[in-house]
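Below you'll find the structure, written out as structure tokens, and then a few comments.
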Amino acid sequence: MAEIMTLPPRRSALDSVWVLGDYGIPGPSGPGVTIIRRLGLGAIQLDARRDTAAAVARAVSDSLGIALPAPGRAASGGEFRAIWIGPERWMLLGSDSTGLEARLRAAVEPAGGSVIDQSHGRAILRLSGPRVRDTLAKGTGIDLHPRAFAENTAAQTGLFHLSVTIDRRRGTGTFDVHAMRGFAQSLHESLCEAAAEFGYRLA
Amino acid sequence: MIRIPCPHCGPRDHDEFSYVGDATKVRPADPAATSPEDWHRYVYLRDNPRGAHLEYWHHIQGCRAYLKVLRDTATHEVLASGRPEDALEAPR
Ligand SMILES: [Zn+2]
């Protein structure tokens with residue numbers, strides 16, 4: 001019988017450093033980078049066990065209406081986003097209110113998939129604005145030019161020496177950066193330092 | 001800077017990877033029938049070749065997969081890469 005475990009409410013790892021405002025040296029048209037925290041977001045890791053990837057993908061598509069993306073890609077479907085994070089492994093994201101974890105578990109376990117809730121272990125920032133690529137380029141070896149990193153491209157890589165997932169969202173110059181919670185303040189500090197010369201807004 | 005083509009993620013800087021070890025060693029097939037000398041050879045003894053060498057690497061900051069890499073120890077040129085089970089050959 002499954003037991004119900006009640007978890008304490010989640011608090012952002014950045015609560016103590018997140019002071020809304022404009023900082024650095026803004027350009028003529030305002031801050032070059034705007035950063036928001038994506039709060040209240042569930043992050044659920046999905047692994048397909050050996051030889052089950054096709055069945056797991058079918059189960060996800062049938063139950064959640066989202067097609068699991070190919071390597072190096074991300075996809076939106078319904079209220080969810082899926083990011084390829086490794087061979088036969090994806091991260092699914094959706095608002096806490098969607099019951100994503102339970103729905104995903106019910107759908108994929110019979111097909112051979114495993115589900116691990118990472119929501120409490122991730123900090124997710126959304127960066128937008130005309131100087132986002134210049135800011136990120138200071139900390140990663142990935143080519144983020146649209147020719148190499150089109151919309152719905154995602155990569156797990158190093159950013160300011162931290163392990164992150166970078167997810168290029170639809171819309172010009174918007175990137176979500178996922179880091180492990182314990183490194184959130186370090187990432188925040190590095191991003192702010194890198195964006196200072198372009199001006200940045202914590203929103 | 002060495003760039004390693006990950007078979008899953010594409011070419012990445014080598015600082016996204018960690019070195020795992022010599023990929024030429026084959027684990028003894030029958031542990032019970034393997035002599036201590038053969039275990040010692042498998043676990044501890046390594047050649048130190050100059051030139052092409054087979055190695056395991058871990059894409060620790062990327063897809064977290066283990067890879068096999070054929071690397072020239074003198075020039076650091078990465079000659080081939082693949083999954084751990086792949087037999088790698090240097091391009092001619
Ligand atoms: Zn990889």
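Fair warning: this is a prediction, and the values are worked out from it, not measured in the lab. The chains referred to below are lettered A, B, ... by the order of the sequence lines, with proteins before strands, and numbering in each begins at 1.
When the candidates A:Ala155, A:Pro71, A:Gly86, A:Pro87 are compared by the number of heavy-atom contacts under 4.5 Å with chain B, A:Pro87 comes out ahead.
Only the side chain of A:Ile142 comes within less than 4.5 Å of a heavy atom in chain B; its backbone stays farther off.
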Can you pull out the donor-acceptor contacts between chain A and chain B, under 3.5 Å, including backbone atoms?
unit_1: A:Gln156; atom_1: O; unit_2: B:Arg12; atom_2: NH1; d: 2.6
unit_1: A:Gln156; atom_1: NE2; unit_2: B:Gly62; atom_2: O; d: 2.8
unit_1: A:Thr157; atom_1: N; unit_2: B:Gln61; atom_2: O; d: 3.3
unit_1: A:Thr157; atom_1: OG1; unit_2: B:Glu16; atom_2: OE2; d: 2.4
unit_1: A:His161; atom_1: O; unit_2: B:Gln61; atom_2: NE2; d: 3.4

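By the 6.0 Å contact criterion, CD on A:Glu79 is enclosed, its count of non-hydrogen atoms from other residues, nucleotides or ligands being greater than 12.
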